[in-house]
Number of protein chains: 2
Amino acid sequence: MSPARVESGAPTALLERAMEILSCFDPKHSALTLTQIAELTKLPMSTCHRIVGTLEAGGFLSKGSDRKFRVGTKLWTIAQHAPLSERLRESALPTLARLYEETGENVTLAVLDRGQALYVDRLVGERSIPTISRAGGHLPLHTTGVGKVLLAYQSEKAIEQYLAQPLPKPTPQSITQPDALRRDLADVRKNGYSITRQEMTRGSGSIAVPIMRNGRCVAAVGVIVHLNRLDTNRLVSTLTDAAASIAAELDGH
Amino acid sequence: MSPARVESGAPTALLERAMEILSCFDPKHSALTLTQIAELTKLPMSTCHRIVGTLEAGGFLSKGSDRKFRVGTKLWTIAQHAPLSERLRESALPTLARLYEETGENVTLAVLDRGQALYVDRLVGERSIPTISRAGGHLPLHTTGVGKVLLAYQSEKAIEQYLAQPLPKPTPQSITQPDALRRDLADVRKNGYSITRQEMTRGSGSIAVPIMRNGRCVAAVGVIVHLNRLDTNRLVSTLTDAAASIAAELDGH
DNA sequence: GACTAAAGTTTCATGGGATGGAAGTTTCTG
DNA sequence: CAGAAACTTCCATCCCATGAAACTTTAGTC
């Protein structure tokens, strides 16, 4: 009866809307005004206002003096109990710290999440080069050191499924030919580590190794370095030690 | 007008329930079955099932093969964009790593949140002693090194408000007398660091210093050590350097 | 492997809470 | 200090969340 019925998959359901609102907060939007949220979610202002208000009351969002909303401490606190933080991050952090001290380079820890590399942690210093990866961020599997490792140790089927989709090519050096990637991944499995050279960012490369548990690759550690500092042998051995140490720590708990 | 309108605190509202469900995940409950969630929230099973299902579909929760729910990667990802993670943690991590390497002790970073010390990060190793504090956890202000610092640099009014409430006394050494605490806090302000001795845990003590920004104490860094390793002078100077370094990093961005 | 208790899932009639247009209020901006 | 943009409140309408009950699956026992 109502003439203007929103036809297709009505994105109704309060909860879904709330989750959509929270999902607006991403690397590019860490602080948003109500209007911006309404625009991003395409929700009516009044509805948006109400939901955001409830989320704020619950501590899931917090409003700054600049009238911008940010992710609240309550949500952050809950997230710290995700297995990701609880087991992996917590176990790996001391080792990552050592790795960072030893190499002075960008150190990253990632897991596989929805067909992408999810960066669980990273340590960056002044000495190290700027990177795109950031904790909580996703990057493609085939253009990053940690990503290649994570992909290489997947099942044949999963790998083919990944290769079947269109692959982004952020730099001219990015390898996007399925066949070339298959060879690359086979090398990773054979050597036990991956290398990338300018496949994600111009001027830098990376090396990564798997963290194995019960014969499965549960995560990957890697370093990102300036191309001319890519000292494979030294880095691989340091990384391998670190991976073993993290794996031991994981089992220890 | 509306005849039977129950005006008083109707504990309704889907969203609030959803937030309550998510809040069930705390240090003691990182994995919960549906039934457990229903019990904790006192919600009817069917209602709980529906909400949990929606949260799972949105990636806010994830169901393991053990049919237990855990905090999902989506929620975790969003939380990484909290100012806490984005600015503080990210800026402080390299310094904390160095601190950890230098001292080999438990290193913690905390902010003030709802009248408690919220641990933003901690680094623990095999060498260091076990502690209760964990990233994402809350502890009282008056029984922890970082807590005393955070409290000491609050306004007079806020301090008195804190002292006015009943103060938990986890160990016999915990200082809960308002007057004794006032003196203690004055010392912290005078010296620029705090010391605790067995006020939270038997056998261990802690030292902490403030991280200042624009004349305000925005966070505190501390170490937790075995009592007989509490080498005040050395630790204070190391911590002060670290705090300055973190503050600089915060401004740099 | 049958039996059973507990955990999880689906169903559905009902009414209470969500909805969003519109009007009112505050806060920027030039 | 206008004028606009951002934000907040209001409220009649109606849709969707509700939860008891029935049903299905899983885990534990002999």
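Residue numbering restarts at 1 for every chain, and letters A, B, ... go by the order of the sequence lines.
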When you compare the side chain of A/H49 with that of A/L34, does any pair of heavy atoms fall below 4.5 Å? yes
Residues B/P210 and B/G192: closest non-hydrogen pair is CD-O, 3.4 Å
Length of the CG-P vector between A/L43 and C/dT19, whole Å: 9 Å
Between the side chains of A/D121 and B/R89, is the shortest nitrogen-to-carboxylate-oxygen separation below 4.0 Å, so that they form an ion pair? yes
Expressed in angstrom and rounded to an integer, what is the separation of A/L14 atom CG from C/dG20 atom P? 11 Å
Where A/C48 and A/T41 come nearest, the two heavy atoms and their spacing: SG-OG1, 4.5 Å
What is the distance, rounded to the nearest whole Å, between atom CD1 of A/I51 and atom C1' of D/dT8? 15 Å
Could you tell me how far apart B/L15 (CG) and C/dA18 (P) are, to the nearest whole angstrom? 8 Å
Starting at CD1 of A/I21 and ending at P of C/dA18, how long is that distance when rounded to a whole Å? 13 Å
Please check the phosphate of D/dT18 (OP1 and OP2 only) for any side-chain N or O of B/R17 closer than 4.0 Å. yes
What does nucleotides 6-13 of chain C look like as a protein-contact string, B for base, S for sugar-phosphate only, - for none, at under 4.0 angstrom between heavy atoms? -SBBB---
When you measure from the side-chain N and O atoms of A/T47 to the phosphate of C/dG20, is any distance below 4.0 Å, counting only OP1 and OP2? yes
Using whole Å, what does the distance between atom P of nucleotide D/dT26 and atom CG of B/D66 come to? 15 Å
Backbone of B/L141 reached by a side-chain donor or acceptor of B/Y162 within 3.5 Å: yes
Determine which pairs satisfy salt bridge (charged side-chain N to carboxylate O under 4.0 Å, His left out) with at least one residue from residues 41-68 of chain B, sequence neighbours left out, and list them in order. B/D66-B/R70
